[in-house]
Amino acid sequence: MTPLPREFYARDTLLVARELLGQRLVRWLNGERLSGRIVEVEAYIGETDQACHASCGRTARNAVMYGPPGHAYVYLIYGMHHCLNVVTEREGFPAAVLIRALEPLEGVATMRRLRPGRPDRELTNGPAKLCQALDIDRTFNGIDLCARGPLFIEAGTPVNETNVGTGPRVGVRGDERALTAPWRFFVRGNPFVSR
DNA sequence: CTCTCGATGCGCT
DNA sequence: GCGCATCGAGAGA
């Protein structure tokens, strides 16, 4: 329907991360609407966060994180997988939320075709898996998620506080703070949460 | 189910 | 040249 407004993203990253749970990620692919409910995210906040791609300062790769909020930051990892983030906070401050898992809602048949041989629970239960299921690659890096384009986030079903789980981020490296900060948020008990 | 390990491209030092 | 915000195959239990 309507993309979430830029003001949604132009806030504290931990608040945005928490409130992204339950929202709906929408992807238009060849005239078909694919979508999923966001059930797991992680926050990456500023140059002092050693797990953040901006921890070594601004580069060509992480430039989008320094830009205005509400844009997609998509990167290639391990030479073969893509990960989707949404840029948060004010322009000039590098921060983003990684979308780690979705519960498939629309276009499941197409997702199955894009991830052949996988059971339904493994269509979108990881950051690179969901990019594969929704056909998201680096050509989406920098696109505006607040426009009615091929990729955006719209209002979904809110997640009650008692159903929100938190914990340290997955697969990160860095100092004690990076390893232990509880900046991963997920919907408790949801079968599509990764790991 | 759990664990281990290799794949593979590219941005950065 | 190194190292990565991951995934999936294969082995074992």
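Proteins come first, then strands; the chains are lettered A, B, ... in the order of their sequence lines, and each starts at number 1. Because only heavy atoms are used, hydrogens play no part in the values below, and waters and symmetry mates are left out as well, while side chains stay in.
A:S55 and A:Q50 share no donor-acceptor pair across their side chains, judged by distance under 3.5 Å alone.
Judged by the 6.0 Å distance and 45° axis criteria, A:R148 is not positioned over the aromatic ring of A:F152. With A:Y75 as the aromatic partner, A:R61 meets the cation-pi criteria of under 6.0 angstrom to the ring centre and within 45 degrees of the ring axis.
Of the candidate nucleotides C:dC4, C:dG8, C:dA5, C:dG8 has the atom nearest to the side chain of A:K129. The A:R138 side chain lies nearest to B:dC10 when the options are C:dC7, C:dG8, B:dC10. Taking only side-chain atoms of A:T59, from C-beta outward, the nucleotide of B:dC10, B:dC12, B:dA7 with the closest atom is B:dC12. Comparing atom distances between the A:V172 side chain and each of C:dC7, C:dA5, B:dA7 picks out C:dA5 as nearest. The side chain of A:R61 lies closest to B:dG11, out of B:dG11, C:dA5, C:dC7. In this structure, the nucleotide among B:dG9, C:dA5, C:dG8 sitting nearest to the side chain of A:L76 is B:dG9. Checking B:dC10, C:dA5, B:dC12 against the side-chain heavy atoms of A:A60 singles out B:dC12 as nearest. In this structure, of B:dC12, C:dC4, C:dA5, it is C:dC4 that holds the atom nearest to the side chain of A:R173.
B:dC3: Watson-Crick or G-U partner is C:dG10, with both key distances under 3.5 Å.
Here A:Y44 packs flat against the base of C:dA5; its ring centre is closer than 5.5 angstrom to the base's six-membered ring, tilted by less than 30 degrees.
Taking side-chain N and O atoms only, A:R100 has a distance below 4.0 Å to OP1 or OP2 of C:dT6. Residue A:R118 places at least one side-chain N or O under 4.0 Å from the OP1 or OP2 atom of C:dG8.
The interatomic distance linking A:H81 (NE2) with B:dG6 (C1') rounds to 11 Å, in whole Å. Distance CG (A:L84) to P (C:dC7): 13 Å, rounded to an integer number of Å. Rounding to whole angstrom units, CD1 of residue A:I99 and P of C:dT6 are separated by 14 Å. As a whole-Å value, the separation of A:D137 CG from B:dC10 C1' is 15 Å.
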**Study point:** Worked verdict on A:L34 versus A:M111 for side chain to side chain contact (heavy atoms under 4.5 Å, CB included)
**Key:** CA-CA 8 Å; A:L34 314 178; A:M111 297 186 201; 4.3 Å; yes

Point to revise | Working for side chain to side chain contact (heavy atoms under 4.5 Å, CB included), residues A:F185 and A:L14 | key: CA-CA 9 Å; A:F185 300 83; A:L14 292 177; 4.1 Å; yes

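A:A51 comes within 4.0 angstrom of a nucleotide base, judged by non-hydrogen atoms across all strands. Residue A:R184 is out of contact with every strand shown, counting any heavy-atom pair closer than 4.0 Å.
Each of A:E122 and A:G171 was assigned the nucleotide of DNA chain C with the nearest heavy atom; the assignment lying further toward the 5' end belongs to A:G171.
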